[in-house]
Protein chains: 2
Amino acid sequence: MLEKNKCFGCEFQSSATKFLKTEELEKLEKCSVGISFKKNDIIFKENIFSSNVIYLKKGIIKLHKKTSSKEKIIKIVKSPNYLGIPATFNEKFHYYSATALSDTIVCFIQKEKFKDFIYSNADFAYKIIKCLCENEIILLEQCFNKSKKNVRGRIAETLLFFYNKIFHKKKFIIPLTRDEFGKYIDTSRESVSRVLTEFNNDKIINLTAKNVEILNEKLLEIISENG
Amino acid sequence: MLEKNKCFGCEFQSSATKFLKTEELEKLEKCSVGISFKKNDIIFKENIFSSNVIYLKKGIIKLHKKTSSKEKIIKIVKSPNYLGIPATFNEKFHYYSATALSDTIVCFIQKEKFKDFIYSNADFAYKIIKCLCENEIILLEQCFNKSKKNVRGRIAETLLFFYNKIFHKKKFIIPLTRDEFGKYIDTSRESVSRVLTEFNNDKIINLTAKNVEILNEKLLEIISENG
DNA sequence: ATTTTTTTGTGATATATATCATATTTTTTA
DNA sequence: TAAAAAATATGATATATATCACAAAAAAAT
């Protein structure tokens, strides 16, 4: 659904666009559209040529990709954040699909205009560089952690990720099905079920369907570290 | 070993510094030093505060990181390439260590001066953004592939990576021990040995110690895709 | 409200890969 | 050049996790 899009004084302004001057913000407003998505709506699909920078203004989304029948969830991203800058700036197709995990608002910004701001405003450019740098470090951590932990460790880590990085509350609703959870941490839905019920039995979490409350954060951290 | 460092007319100039003007190159020369490393020398260590942008001018290196006794090789990088920009620009400690896998020359560039170029030269800034974008896509591919392939597939993929991305020849010397190979693709040294001898027996490769010749590229690609 | 579809839980079994053990080869050091 | 250390190969066994099978619960569709 098309949203009225106001860049000047936008309550969800990105840390980069805060550096844009009034006339640049007016330009931005003209070259961008805001669109709202409902849970499970596809925001963009992999292998589509990317001609827009995408700004996740509000909501939580998953980035995912298919290979020969199997699917993997690469990343879970919360607003505010840019999506698909790498594909867009390399004149490439989107490497992954993006699907809303909650009701979401997204701005599509014309690539060429976005690039103009990089050329006209060095503070903006530097901020974009910093965003890309942060993303790379997060991705590195993710790769590294995943390869060094067993299933229990990865599930503990993910529960802590939801708590610390997404919801900031010990009580939350897992925004994934068991199957999606498995596709995120590279395991089967059955293993996710088993470990979650184990954590529940051990009073580390309180689990009812998708509702979780973290009861023993300390222990969850230990499991996350040592498997 | 300290190298004489000439930025203007440097034969290993990066795609970004090609955009620098003569006076900027002179500045660059003043704020950077070139250092040569021998195979197995440590270029920088993880958890060290990063105050330089590091440009890999010549050679092949591994980026690696330890956790509680175990080690993982995160990436193998060939010149020309920048290293550690994310850590440097986020005022952070290096996330990983870098060790030379061949004789190597590296330039250390003062972070603040490098940042000045981003502010003074938009073409340079944009090129750096593109470098970061490329790195992110490579990292994403790596994460994705690793999680979807079995050991045979990952070894086949790595052999093709050495051929296509590093040496550009079907005959090369694996720049890793079996143990390091295992730490790169998240498996044990024994599994690496077994699969490599299997490939050798099946005439897919010709293997003598670290010397490899790819005999059946097509089949290696199929194994890489389907495990 | 009832039917259909999707999601989840859990036991039994299979399997890929790790780990252990030992021999051999290669490399490094003295 | 010999001795010591490191790297490699390979068989035997252990183990974590996947897969299969089926039942139950929850969600979606009619």
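Order of the sequence lines fixes the chain letters, A, B, ..., with proteins taken first and strands second; residue numbering starts at 1 for each chain. None of these values were measured; they are calculated from a predicted model.
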Checklist entry - Has A:Lys65 got its NZ or CZ under 6.0 Å from the middle of the six-membered ring of B:Phe144, at an angle within 45 degrees of the ring axis? => result yes
Next on the checklist: Rounding to an integer number of Å, can you tell me how far B:Lys148 NZ sits from C:dA16 P?
Outcome noted: 17 Å
Could you list, one pair per line, each protein nitrogen or oxygen that sits under 3.5 Å from a nitrogen or oxygen of nucleotides 19-22 of chain C, together with the distance?
| residue | atom | partner | partner atom | Å |
| --- | --- | --- | --- | --- |
| C:dT19 | O4 | B:Arg194 | NH2 | 2.9 |
| C:dC20 | N4 | B:Glu190 | OE2 | 3.2 |

Checklist entry - Quick one: A:Asp179 CG to D:dT19 P, roughly how many Å, whole number? => result 12 Å
Checklist entry - With B:His64, which of B:Lys72, B:Glu71, B:Glu46 fulfils side chain to side chain donor-acceptor pair (under 3.5 Å)? => result B:Glu71
Checklist entry - Separation of A:Phe181 atom CZ from C:dG9 atom P, in whole Å? => result 12 Å
Checklist entry - Considering only D:dT10, C:dA18, D:dA7, which nucleotide approaches the side chain of B:Ser193 most closely? => result D:dT10
Item to check | Length of the CD1-C1' vector between B:Ile173 and D:dA7, whole Å | outcome: 16 Å
Next on the checklist: With a 4.5 Å cut-off on side-chain heavy atoms, are B:Ile60 and B:Val77 touching?
Outcome noted: no
Next on the checklist: Could you tell me how far apart A:Leu207 (CG) and C:dT10 (C1') are, to the nearest whole angstrom?
Outcome noted: 15 Å
Checklist entry - Under 4.0 Å between a side-chain N or O of B:Lys210 and OP1 or OP2 of D:dA7? => result no
Item to check | Rounded interatomic separation in angstrom, taking CD from B:Glu180 and C1' from D:dT8 | outcome: 14 Å
Next on the checklist: What is the distance, to the nearest angstrom, from the CG atom on A:Asp186 to the P atom on D:dA18?
Outcome noted: 9 Å
Next on the checklist: Please pick, from D:dT8, C:dT17, C:dT8, the nucleotide with the shortest atom-to-atom distance to any side-chain atom of B:Val151.
Outcome noted: C:dT17
Checklist entry - Can you name the nearest heavy-atom pair linking B:Asn216 to B:Lys203, along with the distance? => result CB-O, 4.3 Å
Item to check | Nearest to side-chain heavy atoms of B:Thr187, which nucleotide of D:dT17, C:dA18, C:dA16 | outcome: C:dA18
Next on the checklist: At 4.0 Å (heavy atoms only), tell me whether B:Asn200 reaches a base, stays on the sugar-phosphate, or touches nothing.
Outcome noted: nothing
Checklist outcome for this item: The answer to which of B:Val192 and A:Arg152 contacts DNA chain D further toward the 5' end, by nearest nucleotide, is B:Val192
Checklist entry - Nearest 0.5 Å, what's the CD1-CG distance between B:Ile85 and B:Asn52? => result 12.0 Å
Checklist entry - Are B:Ser14 and B:Tyr82 close enough that a side-chain donor and a side-chain acceptor fall under 3.5 Å? => result yes
Next on the checklist: Looking at C:dT6, I'd like to know if its phosphate oxygens (OP1 or OP2) sit under 4.0 Å from a side-chain N or O belonging to A:Thr177.
Outcome noted: no
Item to check | Rounded interatomic separation in angstrom, taking CZ from B:Arg178 and P from C:dT26 | outcome: 11 Å
Item to check | Identity of whatever pairs with D:dT10 - Watson-Crick or G-U, under 3.5 angstrom | outcome: C:dA21
Checklist entry - Hey, are A:Lys149 and A:Ser224 close enough side-chain-wise for a donor-acceptor pair under 3.5 Å? => result yes
